[in-house]
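Below: the structure, in structure tokens.
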4 protein chains.
Amino acid sequence: MLNRVILIGRLTKDPELRYTPNGIATTTFTLAVDRPFTSQGGERETDFLPIVTWRQLAETCANYLKKGRLTAVEGRVQVRNYENNEGKRVYVTEVVADNVRFLESNRSQGDPNEPDHRPRYDGDPFADDGKPIDIDDDDLPF
Amino acid sequence: MLNRVILIGRLTKDPELRYTPNGIATTTFTLAVDRPFTSQGGERETDFLPIVTWRQLAETCANYLKKGRLTAVEGRVQVRNYENNEGKRVYVTEVVADNVRFLESNRSQGDPNEPDHRPRYDGDPFADDGKPIDIDDDDLPF
Amino acid sequence: MLNRVILIGRLTKDPELRYTPNGIATTTFTLAVDRPFTSQGGERETDFLPIVTWRQLAETCANYLKKGRLTAVEGRVQVRNYENNEGKRVYVTEVVADNVRFLESNRSQGDPNEPDHRPRYDGDPFADDGKPIDIDDDDLPF
Amino acid sequence: MLNRVILIGRLTKDPELRYTPNGIATTTFTLAVDRPFTSQGGERETDFLPIVTWRQLAETCANYLKKGRLTAVEGRVQVRNYENNEGKRVYVTEVVADNVRFLESNRSQGDPNEPDHRPRYDGDPFADDGKPIDIDDDDLPF
DNA sequence: TTTT
DNA sequence: TTTT
């Protein structure tokens, strides 16, 4: 009915850009999000959250995100499941981003938050120019 | 750094209340969240998201939530991991709620959104009266 | 850079549908959002928040929302300003919704959260089919 | 019922720290939040949103925020009203923050997102150590 | 398997 | 000016 996540954290690695069999761009990366520090001794705790982006936004993320960069991600939590090669059903939880803000950009490369470079707000990341399309789980490149 | 989720959906079952070895209440349930309908034929798609609540909020959820009830949940996405009995590391993603709104309450039982019944806003669900405590993964009742 | 609001509350009145000079639909209403009850004696406190919707979403809201209905609104906070008839600059804060969920629908009228009736996710409410357009403040019907 | 805002933007000025008659710290500042760029020619549009913080969080904000700093704010939208000196009722919309993240900190001053410096998550900003108190509108220092 |  |  309603499903919205907002995260701020840092990339654990450079993002990975792939294409589905039908040529749709998709970029994935992991965001390290530190939990609020709980005074007590103890080490800092961190959640490592897998992020998926599609299409235009995927291209921009692939171009402008780098390992370590502070990044804001807006999207929805999704639980995908597939059968693995041992015939067991595996459940994967990930954040499908529809908005990504580059909080530490490399000015010398142009500002990714500016026009042309700016991630188009995709609305439904599964929709193309308003015409929703099907991304079949078998089409996924990962 | 920042980690916030807001969900609206329906309980797939009655919630389950348990206690940690040190007596802290925790209630878990699954929220079925329909994805926005993508016109095309196709069946309605739904994400099934595991929710965890603690303490006072856990008690209230156990008392007032029932299978099928429309419910709003606010919290953070957490990735917990543990070693299973085959010595394999298992990753579990769940939403730790710090605010739950009962959108369909049973008026005859009192309004859970009202004082006394109302879920106290717990801030950090791992903190007790401001004094943060450690919830050890081995302490978890699930 | 990032601006997201999520509200759940009740309409104080029936929504109002108007059209801009260039024929774009816009529906406005006020959402009464109760603050969390602060035990102490005292009366319940409530924020009354003006909501604006555009285009397809405006039409759906006008058709399905009614005074008193429990409703979820997702959007951004906007500060608009104009010169009033005494030549004084007036600042208006409102929530521009891009997603509205009908939490109490009138089943006999069809489910507004279902296809055809469902509020299209508009992305940028000022964008038309991906082609962003200008809504001039002078064009506003209110 | 539910009221949550998340903003990322920059301070238009240094923050202002004041105290209520009963000695409670409150810091206010304005956050400039750029709207997503709408390709067309046109100038960049920006919302200027007034932010209010209380207590411990107010002290931390006063110490660590400076004009121009990129900052994330989490809280709720509030509409306050008072009678001005001409006996007219004035409505003020502001964001009451309960979480502030310093996205550009001055490392040489210590990291405000770290323990001791870190803004305690206040839960209800009107509650003191769990004991909710009344902040009377007449008590406000602004 | 992880970031500052 | 307000909703349950």
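Proteins come first, then strands; the chains are lettered A, B, ... in the order of their sequence lines, and each starts at number 1.
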Looking at the side chain of A:K67, which of F:dT4, F:dT2, E:dT3 is the nearest nucleotide? E:dT3
Whole Å only: how far is the CD1 atom of C:I8 from the C1' atom of F:dT3? 15 Å
Is C:F48 stacked on the base of F:dT3, meaning ring centres closer than 5.5 Å and planes within 30 degrees of each other? no
A:L11 atom CG is separated from E:dT2 atom C1', nearest whole Å, by 11 Å
Closest approach to the side chain of D:Y91, judged atom by atom: which nucleotide of E:dT1, F:dT1, F:dT3 is it? F:dT1
Atom pair distance, as rounded to whole Å: CG in C:L31 and P in F:dT4: 12 Å
Taking only residues two or more places apart in sequence or in another chain, which ones pass salt bridge (charged side-chain N to carboxylate O under 4.0 Å, His left out) with D:E86? none
Can you tell me the distance, in whole Å, between the CG atom of B:L70 and the P atom of F:dT4? 18 Å
Please check: side-chain N/O of A:R18 versus main-chain N/O of A:T28, any donor-acceptor pairing under 3.5 Å? no
Is there a donor-acceptor pair closer than 3.5 Å between any side-chain N or O of C:E104 and the backbone N or O of C:L70? yes
Let's see if you can work this out: which of E:dT2, E:dT1, F:dT3 has an atom nearest to the side-chain heavy atoms of B:R89? E:dT1
With a 3.5 Å cut-off and just heavy-atom distances, do the side chain of C:T30 and the base of F:dT2 make a donor-acceptor pair? no
Euclidean distance, atom CG of residue A:L7 to atom P of E:dT3 [Å, nearest integer]: 18 Å
Determine the contact category for A:G68: base if any of its heavy atoms lies under 4.0 Å from a base atom, sugar-phosphate if only primed atoms, P, OP1 or OP2 are that close, otherwise nothing. sugar-phosphate
Protein-nucleotide distance (D:R101, atom CZ; E:dT4, atom P), rounded to Å: 18 Å
In whole angstrom, give the distance that lies between atom CG of A:D14 and atom C1' of E:dT3. 12 Å
For atom CE of B:M1 and atom P of E:dT3, their distance in whole Å: 17 Å
Of the candidates E:dT2, E:dT4, F:dT3, the side chain of C:R10 sits closest to F:dT3
Sidechain-backbone polar pair: A:T26 side chain, A:T53 backbone, donor-acceptor under 3.5 Å: yes
Residue set satisfying side chain to side chain donor-acceptor pair (under 3.5 Å) with B:N3, at least two apart, ordered chain then number -> none
